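Notes follow once the structure below has been shown.
Small disclaimer: the values here were computed from a predicted structure and weren't measured.
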Amino acid sequence: VQLQASGGGLVQAGGSLRLSCAASGRPFSRYAMGWFRQAPGKEREFVAGISGSGDSTYYSDSVKGRFTISRDNAKLTVYLQMNSLKPEDTAVYYCAQDTKNGLRIGDTPTYWGQGTQVTVSS
């Protein structure tokens with residue numbers, strides 16, 4: 001399985017970005033997917049997750065109400081819509097797939113994408 005993340009960039013505070021993560025392998029709809037991020041000098045942290053069916057989503061407290069995760073199983077793609085961006089959202093964002101779990105992505109996903117840089121200027 002390969003995960004290809006895209007959509008990062010430079011945006012002003014208060015702006016929006018939409019990240020995409022395209023998967024190469026099936027069965028895509030069976031597995032939970034998620035987004036994580038790592039800021040300079042900090043550990044990688046969980047941002048958002050979605051069940052295989054897309055019926056269940058969950059977020060870290062720092063992004064709840066601003067970010068929305070979704071997936072299109074027909075297109076083998078997961079998205080992260082990021083609104084009201086803040087400078088503290090600046091990080092490399094990684095998508096991940098957990099083939100051990102169909103409902104909730106764990107702390108050690110099976111596969112990772114290559115990361116996409118998000119920079120929010122103040």
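Here the straight-line distance linking atom CZ of Arg18 with atom OG of Ser70 works out to 6.0 Å at 0.5 Å rounding. To the nearest 0.5 angstrom, Leu103 atom CG is 7.5 Å from Ser53 atom OG. Here OG of Ser122 is found 14.0 Å from NZ of Lys86. Values are rounded to the nearest 0.5 Å. Taken to the nearest 0.5 Å, the CZ atom of Arg37 stands 14.0 Å off from the CD atom of Glu43.
When every heavy atom of Gly106 is checked against every heavy atom of Phe36, the shortest pair comes out as O-CZ, 3.8 Å. Minimum heavy-atom separation, Thr90 to Ala39: O-CB, 3.6 Å. Taking all atoms of both residues into account, the shortest heavy-atom contact from Lys100 to Pro109 is NZ-C, 4.2 Å. The nearest pair of heavy atoms linking Ile105 to Gln97 is CD1-N, 4.4 Å. Heavy-atom minimum distance, Ser20 versus Thr77: CB-CG2, 4.3 Å. The nearest pair of heavy atoms linking Met33 to Cys21 is CE-SG, 4.4 Å.
Salt bridge present: Lys64 and Asp61 bring a charged side-chain N and a carboxylate O closer than 4.0 Å.
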Between Ser16 and Asn83, is a side chain to side chain contact (heavy atoms under 4.5 Å, CB included) present by the stated rule, with each step listed?
-> CA-CA 4 Å; Ser16 299; Asn83 298 329; 2.9 Å; yes
Apply side chain to side chain contact (heavy atoms under 4.5 Å, CB included) to Thr99 and Val1, showing your working.
-> CA-CA 10 Å; Thr99 61; Val1 172; 5.8 Å; no
Where do Thr110 and Tyr31 land on the side chain to side chain contact (heavy atoms under 4.5 Å, CB included) test, with the steps shown first?
-> CA-CA 10 Å; Thr110 313; Tyr31 305 127; over 6 Å; no
Could you please spell out the steps behind the side chain to side chain contact (heavy atoms under 4.5 Å, CB included) verdict for Arg66 and Met82?
-> CA-CA 6 Å; Arg66 300 188 297 122; Met82 306 185 295; over 6 Å; no
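Cluster annotation: Val47 and Val120 are assigned to the same hydrophobic cluster (Ile/Leu/Val/Met/Phe/Trp/Tyr, side-chain heavy-atom contacts under 4.5 Å, transitive). Hydrophobic clustering (side-chain heavy atoms under 4.5 Å, transitive across Ile, Leu, Val, Met, Phe, Trp, Tyr) keeps Tyr58 apart from Tyr79. Residue Tyr59 is grouped with residue Val78 when hydrophobic side chains (ILVMFWY) are merged at heavy-atom distances under 4.5 angstrom, including chains of intermediate members. Leu85 and Leu10 are not part of a single hydrophobic cluster, where members link through side-chain heavy atoms under 4.5 Å apart. Residue Leu3 is grouped with residue Leu17 when hydrophobic side chains (ILVMFWY) are merged at heavy-atom distances under 4.5 angstrom, including chains of intermediate members.
Remark: the backbone N or O of Ala32 is not paired with any side-chain donor or acceptor of Asp98 at under 3.5 angstrom. Asn73 contributes no side-chain N or O that, together with a main-chain N or O of Phe28, makes up a donor-acceptor pair within less than 3.5 Å.
Within a 6.0 Å radius of NZ in Lys75, no more than 12 heavy atoms belonging to other residues, nucleotides or ligands are found.
Classified by interplanar angle (parallel below 30°, tilted 30° to 60°, perpendicular above 60°), the ring pair Phe67/Tyr93 is tilted.
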